[in-house]
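This report refers to the structure that appears directly beneath it.
Lettering follows sequence order; numbering is per chain, from 1. These numbers were taken from a predicted model, which means no experiment stands behind them.
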2 protein chains.
Amino acid sequence: MSFAMPNTDVSLASEWRDLLARHARVNAALERELQRDHRLSVTEFEALSRLAEKDGDGCRLQQLVDDIHMSQSALSRLIGRLHDEGLVHRRTCSDDRRGIFACITDEGRERLAQAEVTQADVLARTLHDA
Amino acid sequence: MSFAMPNTDVSLASEWRDLLARHARVNAALERELQRDHRLSVTEFEALSRLAEKDGDGCRLQQLVDDIHMSQSALSRLIGRLHDEGLVHRRTCSDDRRGIFACITDEGRERLAQAEVTQADVLARTLHDA
DNA sequence: GGACTATACATGCATGCGCATACATTGCAA
DNA sequence: TTGCAATGTATGCGCATGCATGTATAGTCC
């Protein structure tokens, strides 16, 4: 067991399988219900959620890449989709004109608030049980 | 709903974020190194690994769908790719001609055995540290 | 200033995924 | 038997992703 032999290859592999299973179970349920009730994907929800935590002007995309687990190109398009839906607006940074500030809109905050209820519900149901 | 208990919405959400981060970190490292050293994706490795555990004739795709966290269509194509690489062979089930048995080949077992070394290494490095 | 490198974001492209559906086979009922 | 629903797999399609690259701006060294 894990006390006598804590880190054998086998126990690491089965721990990884558990992580995969858990992630897949929760993610699939979230994806389904967020999409159905709020037309948001899990990644879109996550991005909105991170943006909502930033004060004021939002934050640079570069900073979001670190928060969110996604390539820079995927994030660029993700913000584009949220922008097209009016949930986020983009603004070029004045002191570094390479940078883009993304900022959640009021409509974005509304959609997020509603989706958070669904997320809490799904997590309560799926995060801890089989 | 939540009593004076630790499972508030906030703690559930942050637990989910931790799970996302952990999954992303390990998965990205595995994907990179399995691909680089063995030309296998994480899902391909996982499928080979499950198939190797089945005795004798392999198992039906339907059964693999339950083991692996993937849609039926994705699994069908995944097995197709493994087949094209000679790591798996397919056989129609004799008693139910709708079913397909997938079975790992000797070459598949070799690739898997080599990849398992890499996997163990990556897991030892990434599963438990930040 | 001019040239070169580094950084931030956008985009062409190839790929894997899920959904819906098609197709083949099985089983069940009338 | 015939007809029809159910099951197992394959496939057309649209979409999100990562990689490589393009474009613009910033910073550095001469």
Side-chain angles (χ1 to χ4, degrees), chain A residues 20 23-25 27-36 39-48 51 57-85 88-103, chain B residues 20 23-25 27-36 39-48 51 57-85 88-103:
Chain A
L20 274 179
H23 174 271
R25 174 165 46 82
N27 199 65
L30 268 182
E31 193 72 54
R32 183 170 1 99
E33 305 199 23
L34 284 178
Q35 193 62 248
R36 186 194 58 196
R39 287 175 310 159
L40 287 175
S41 71
V42 171
T43 53
E44 286 161 356
F45 175 90
E46 185 69 11
L48 273 186
L51 276 177
D57 299 336
C59 73
R60 297 176 69 135
L61 299 194
Q62 180 60 26
Q63 198 178 339
L64 271 183
V65 170
D66 300 331
D67 292 344
I68 250 183
H69 318 289
M70 183 173 274
S71 70
Q72 177 269 323
S73 68
L75 179 66
S76 175
R77 292 183 228 256
L78 174 56
I79 295 296
R81 291 197 300 277
L82 293 176
H83 175 79
D84 292 344
E85 289 217 43
V88 152
H89 66 79
R90 284 189 277 204
R91 196 161 48 71
T92 63
C93 177
S94 53
D95 50 319
D96 182 350
R97 297 174 55 79
R98 295 170 301 181
I100 301 283
F101 278 106
C103 184
Chain B
L20 274 179
H23 174 271
R25 174 164 47 84
N27 198 65
L30 268 181
E31 194 72 54
R32 181 170 2 98
E33 304 198 23
L34 285 178
Q35 195 62 248
R36 185 193 59 196
R39 289 175 308 159
L40 287 175
S41 70
V42 171
T43 53
E44 286 162 357
F45 175 90
E46 184 68 11
L48 272 186
L51 276 176
D57 300 334
C59 73
R60 299 177 68 137
L61 298 196
Q62 181 60 26
Q63 197 178 340
L64 271 184
V65 171
D66 300 333
D67 292 346
I68 246 183
H69 317 288
M70 182 172 273
S71 72
Q72 177 270 323
S73 69
L75 179 65
S76 175
R77 291 183 229 255
L78 174 55
I79 296 297
R81 291 197 299 276
L82 293 176
H83 176 78
D84 292 344
E85 290 217 42
V88 151
H89 66 77
R90 283 189 278 203
R91 196 162 48 70
T92 63
C93 177
S94 52
D95 50 320
D96 182 349
R97 297 172 54 79
R98 293 170 300 182
I100 301 282
F101 277 107
C103 184

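Residues passing the salt bridge (Lys or Arg N to Asp or Glu O under 4.0 Å) test with B:Glu31: none are found, sequence neighbours excluded. Applying the salt bridge (Lys or Arg N to Asp or Glu O under 4.0 Å) test to A:Arg98 and every residue at least two apart in sequence or in another chain returns A:Asp96. The salt bridge (Lys or Arg N to Asp or Glu O under 4.0 Å) check on B:Arg81 picks up B:Glu44, with sequence neighbours excluded. Applying the side chain to side chain donor-acceptor pair (under 3.5 Å) rule to B:Thr43 yields the partners B:Ser41; only residues at least two apart in sequence or on another chain are considered.
Between the CD atom of B:Glu31 and the P atom of D:dT17 there is a distance of 15 Å, given to the nearest Å. A straight line from CG of A:Leu82 to C1' of D:dA16 spans 13 Å, rounded to a whole angstrom.
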**Request:** Quick one, give me the B/S/- string for nucleotides 6-19 of chain C, reading 5' to 3', where B means a protein heavy atom under 4.0 Å from the base and S means that only happens at the primed atoms, P, OP1 or OP2.
**Result:** BBSBBBBB---SBB

Output a table of donor-acceptor pairs, distance under 3.5 Å, between side-chain atoms of residues 68-79 of chain A and any protein atom two or more places apart or on a different chain; print 'none' if there are none.
residue : atom : partner : partner atom : Å
A:Ser71 : OG   : A:Ser73 : OG           : 3.2
A:Ser71 : OG   : A:Ala74 : N            : 3.1

